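Quick notes on the structure that follows.
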Amino acid sequence: MSQAMGGVKPPESGGADEWRERVRQLTVLLEAVRSLHGEMDPERLPGLLTEEARRLAGAQGAVLYLLDRKAGRLTAQLGENPEAPRVSMSLEEGIAGLTARTGRAHIVSDAPADSRFSPALDRATGVPTASLVSVPVTNRRGEVLAVLQARNRTGGPFSVGDAEVLSALALQAASALENAQLYGQVRVHVERLSRLLEVGKAINAEMDLDALLALIVERATRLLQADRSSLFLVDREKKELWTKVAEGLATTEIRIPLGTGIAGTVAVSGETVNIADAYADARFNPEVDRKTGYRTRTILCLPMRDKAGDILGVFQVLNKREGVFGKEDEEVLSAVASQAAIALENARLYDDLKQAYDRIKQLDQAKSDFLANISHELRTPLTPVIGYMDMMASEALGPITEHQRKGLEVMQQSVDRMRHLVEDLLSFVRMEQRQLTLQAGPFEVGTFVAEVVASQRPKAQGKGLPLTVQVPDEPLLVKGDRGELVRVLAHLIDNAIKFTNKGEVTVSAAPVTTEGGRPAVEITVRDTGMGIPPGEEERIFQRFYQVDASSTRRYGGTGLGLAIVKEIVEAHGSRIVVETAPGKGSRFSFRLTLLRPAA
Ligand code: ADP
């Protein structure tokens, strides 16, 4: 006997047993509802639901058929494990199909005698069905999502009441199922995103172009569970696609004219091609298969675009391990393609940058070599010139006239300037080659300052600038490389005179105590000149830097002086400090370790 039933009806009889049973069922139902809504895992939900249905209906077993609306099929999973056997049937089959089609509950009291009954499930489980109750699981929009069945009631046939409580459970199950499905979809989505993110990270970390191509191809193959992938790049000049990496094949370069074959067509059209059976598709050229002995079944091919939307290359993925490439594969590959495009552009930029950098390094080396050679070459002829001029001035080569002496003095000054320039260049070269080694020893500060000031005095006099010295009366012994420090102080005084037109230049030395509490001597060169504009105080210590490069002609100089000064002072473990105010003047100072007042 079978009956279809619709809305809710009162218990068929008012017996005490019947009422007791209904109360039990309601309690079970309430519990079931609570546990159903607590279960979010779409894989565990069917098991939970069938167990509750079995308890609720007092049945031997229960089963849930999930409806695949697109395929028009109902599938029951026999067991919790996702690998468990499945029973699948069309909507035309069995009481389950009937329930799904009509959206109504059905009670069958003698299944084998009912012509609509399908024994498919019995065959799979090995348990014969005698009676059953079958209810649709329908969502709020009235769409059937699944069919829930309880089988073999212990102690008598299923009643309308059983069908009603199962329907009540099914109502709750619908929203739980939908939630779980939604949750499942979100989880799959999140997993996919995190896999993509990982791929993105790996791709972006690789800067070498060839290694990057290999990595992208390998990751795409794995993500899509395919057999092999190729990434073709567009060579616009030659109007070709080329690839170096093809997993499984040798890494020889393959070139394809744009517009031919599937990859070549995608490179031109920019449209995704997804082929389920290569040999049945006219666009497929079996030539490569014939050469390599490979058998292409499925192909997914899509373009890779750069930021501007231009096609950079084409991704081609072959032979999905199971089935055919779906919409999801297209989405995943297109996400990989856009990551890959960015990484490729970066790798290319990096490549260009690296080449430019290598070129600059070569040029820089060439410049250093040139400077090293030229400064040696310039110094060699200077030595005899200076020697002979000195001899002439001291009349060792015969008497000279007053006019000749004046001329000789001008020549001596110029040669002296030239010697300084050459020495600056040599120091710079030594600095670049990290060859600056100090020969530090004790020396007395007062005589040191006096000596350097004396050498600079003619320049100050030439400009009519007073050049004053302030040193303590008692002698002070400091530690340092006297020869190098002479150049430091000489250069600071030279700059002070050069950039001061009125006022004065003062050179002083005074004992101080460092922040660390150690005794030191501070040497200062102060001027009342043009000063240094704000923001330039650091830069003047850079090689070749001049605040006003156009003033070079007016003031002379190479822009190397302060770089050398800084290097030498820092090699002494000290620091060069500048305080300045534009239009008011500058103060350059550095400190040297005070050994003790000299006796
Ligand atoms: P240069 O050979 O040009 O003097 P430096 O390295 O010694 O090279 O100095 C760099 C730049 O710092 C100078 O060109 C100048 O612009 C600025 N400068 C250095 N010393 C002074 C100073 N005492 N007053 C004003 N400007 C200065």
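Both counts, for ligands and for their atoms, begin at 1 and track the order of listing. Note that the coordinates shown come from a computational prediction; the quantities given were computed from them, not determined experimentally. Quick note: residue numbers are just sequence positions, from 1.
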Of the side chain and backbone of [X], name the one, both, or neither that has a heavy atom under 4.0 Å from an atom of ligand 1.
X	value
F541	neither
I532	side chain
L492	neither

contact_flag E536 ligand 1 heavy-atom lt 4.0 Å: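 Contact check E536 vs ligand 1: negative.
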Quick check on G531 - does any of its heavy atoms sit under 4.0 Å from an atom of ligand 1?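 Right, G531 reaches ligand 1.
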Do any pairs count as a salt bridge (Lys or Arg N to Asp or Glu O under 4.0 Å) and have a residue in residues 372-396, sequence neighbours left out, and if so which ones?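 Only E395-R405 qualify under salt bridge (Lys or Arg N to Asp or Glu O under 4.0 Å).
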Whether the side chain of [X] engages the backbone of [Y] through a donor-acceptor N/O pair (distance < 3.5 Å, no angle test) should be reported.
X	Y	result
R419	L382	no
T514	R518	yes
T528	E504	yes

Please could you name the atoms of ligand 1 that [X] approaches to less than 4.0 Å, counting only its heavy atoms?
X	answer
S586	24 (N)
H491	7 (O)
K498	1 (P), 2 (O), 4 (O)

Testing the 3.5 Å rule here: is there a donor-acceptor pair between the side chains of T524 and S589?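 No.
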Between T265 and R283, does any side-chain donor sit less than 3.5 Å from a side-chain acceptor?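 Side-chain D/A pair, T265 to R283: absent.
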Would you say L562 and ligand 1 have an N/O pair spaced under 3.5 Å apart?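 L562 vs ligand 1: N/O contact under 3.5 Å present.
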Who passes side chain to side chain contact (heavy atoms under 4.5 Å, CB included) against E240, sequence neighbours left out?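 Only K238, R255 meet the side chain to side chain contact (heavy atoms under 4.5 Å, CB included) criterion with E240.
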